[in-house]
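Structure, as structure tokens:
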Amino acid sequence: MISRRDMLRTSGLAAAGLAAGVGRLRSNQERVSQRPPPAERNFVSEAVEATIANVKRDIADPELAWMFENCYPNTLDTTVRFSTIDGRPDGFVITGDIPAMWLRDSTAQVWPYLAHADEEAKLARLLAGVVNRQTRCVLIDPYANAFNYGPTGGGWESDLTDMKPELHERKWEIDSLCYPVRLAHGYWKTTGDASVLDGRWRAAARLIVQTFREQQRKNDRGPYKFQRVTAVAYDTVPLGGYGNPTRKVGLIHSMFRPSDDACIYPFLVPSNLFAVSALNLLAEIFVEEIGDVAFAGECVELAEEVEQAIADYATVEHLRRGRVFAYEVDGFGNALFMDDANVPSLLSLPYLGAIDRQNPLYRATRELVLSDDNPYFFRGTAAEGIGGPHVGLDMIWPLGIIMRALTSTDDAEILYCLRMLKATHAGTGFMHESFHKDDPSRFTRSWFAWANTLFGELIVKLHDERPAILATQFSG
């Protein structure tokens, strides 16, 4: 079975030499679109195509414009499978080079298109279809992170957990349940269409809250455990599959990070903060649209409990940086000071609506994670940025560079991020999962739609809010 980890160790690195050659070739000739021909695109949105033309026209740097044109529609071009099931739209979204749907990735991949959902009925139906598909997935198993198109098996069936044929992988990650809430709320607020918030969605919402409460583990260890026979420590969970010990303080346990790597301390702080945000979004929907004030109150109550536990146990004095958010804690006073490029990260908290980017605690944490005090912040001759243990040391993730720009208030910092992204795509015109800090031609995953679409989201945001940056033609 090919996993994310196996894929990134093979396809990207094997293509690195070719990518370097492509980069040299394109430096001497006109850049050609890397999109599939129109007839071969999985989904075409006229609103997205108009945005590409409009934004590209205002980008002064031709290479950056070319990268944007390739990346922004990549999810629609290559990863969506749109259909109708039981008379309702259905949208299945693969990650790219792995033909399975992650709840996290699928939300992040289509999120930048939400802005156009009230302009184009066809696009709105696709987004509604993704919400509907995610609802089905949560109801199948709220502890799974990735799903097959149907009950086909073929995922990690040998894992020591309660696998089902619909599951590709069953790594419990808090954010896997937060992202579908974010998408459903975003779709509803943008379009005013409440058809996706039907009885099945409401049942899924209740299951999400139930799962969060189960994973507070106040009375027992809960129903979830996971082990994998592997030589990779981050691919399995210690102590019988339940994780390292914790003091039950109200925080939600997460066995895995959004990188799909196992947590060291089971209270993953950015994911708990994301859960607070998601619970408040649920409360808004249940008050304003559904009229279930009682369940909304349960959501708010849980959000407040988790938020208070974060303040009590996850804001910690760092040896050099003062008071910051830890990345992981255990409730006993132990804390892990780091950040991972995958989202939710500590860096990404304002982007997810989990904290104000001017919050002093966030600002101090941001300074830490973008420095050598973060063991997974790498600085090389090609770029600097956050990585993570998933692909090993010295590998920078474009997701981290993009998120740094998306959460920045400083034009100079944003321009610095754009220069790094422009200089490290290895001539391909696309973002990758990671690249070596000294040699961008050593990259992982040549087809990673989340990173591509997030880069497009950054460019559109700059076009709308800071157009002077895109009016700059800068060197790599």
Side-chain angles (χ1 to χ4, degrees), residues 174-175 234 251 254 257-259 261-277 306-307 309-380 383-417 420-421 434 437 454 458:
I174 293 172
D175 67 279
Y234 279 103
L251 291 169
S254 188
R257 301 166 181 170
S259 59
D261 292 341
C263 294
I264 296 174
Y265 299 130
F267 295 143
L268 181 57
V269 177
S271 290
N272 270 267
L273 282 161
F274 194 15
V276 171
S277 173
V306 174
E307 190 170 33
I310 291 168
D312 292 342
Y313 294 94
T315 58
V316 187
E317 286 291 324
H318 184 267
L319 182 65
R320 287 160 42 86
R321 298 284 176 174
R323 198 158 190 82
V324 297
F325 286 117
Y327 185 68
E328 293 173 0
V329 296
D330 64 359
F332 290 108
N334 297 303
L336 184 62
F337 295 102
M338 60 165 281
D339 204 13
D340 189 292
N342 282 264
V343 181
S345 58
L346 293 172
L347 180 66
S348 70
L349 291 174
Y351 169 80
L352 295 171
I355 200 167
D356 189 281
R357 60 184 177 180
Q358 299 297 348
N359 181 290
L361 191 59
Y362 171 74
R363 300 301 302 179
T365 305
R366 180 187 178 89
E367 290 180 7
L368 185 156
V369 303
L370 293 174
S371 78
D372 295 335
D373 287 325
N374 175 6
Y376 293 100
F377 181 82
F378 307 120
R379 183 178 286 112
E384 66 174 29
I386 300 171
H390 194 74
V391 296
L393 300 177
D394 297 329
M395 300 296 287
I396 296 170
W397 289 55
L399 279 178
I401 299 175
I402 298 166
M403 193 53 63
R404 180 178 179 178
L406 280 167
T407 56
S408 178
T409 59
D410 182 355
D411 284 3
E413 183 180 30
I414 295 169
L415 190 57
Y416 179 53
C417 292
M420 287 192 289
L421 293 167
S434 70
K437 65 184 179 65
L454 190 70
L458 169 63

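Quick note: numbers below take in every heavy atom, side chains included, and nothing from hydrogens, waters or symmetry partners.
When P258, S271, P270, P344 are each tested for a side-chain contact (heavy atoms from CB on, under 4.5 Å) with I174, only one passes: S271.
A side-chain N or O of R366 and one of T407 form a donor-acceptor pair less than 3.5 Å apart. Between the side chains of R321 and S371, at least one donor N or O sits under 3.5 Å from an acceptor N or O.
Summarising the geometry of L347 relative to Y362, their closest heavy-atom pair is O-OH, 2.7 Å, with the distance given to 0.1 Å. The shortest heavy-atom contact between Q358 and T409 is NE2-CG2, 3.6 Å. Of all heavy-atom pairs between L361 and R323, the closest is CD1-O, 3.3 Å. Residues F337 and E317 share a closest heavy-atom pair of CZ-O, 3.8 Å. Residues G387 and F378 share a closest heavy-atom pair of CA-CE1, 4.0 Å. Minimum heavy-atom separation, I264 to P266: O-CD, 3.8 Å.
How far CG of D339 is from OG1 of T365: 9.0 Å, rounded to the nearest 0.5 Å. One distance of note links CG of D330 with OH of Y313; it measures 11.0 Å at 0.5 Å rounding. Note that CZ of R404 and CD1 of I414 are 11.0 Å apart. Values are rounded to the nearest 0.5 Å.
Here the side chains of L346 and L368 are not in contact, with every heavy-atom distance at 4.5 Å or above. At a threshold of 4.5 Å between non-hydrogen side-chain atoms, the residues V391 and W397 count as touching.
Counting heavy-atom neighbours within 6.0 Å of E384 CD, excluding the residue itself, gives a total above 12.
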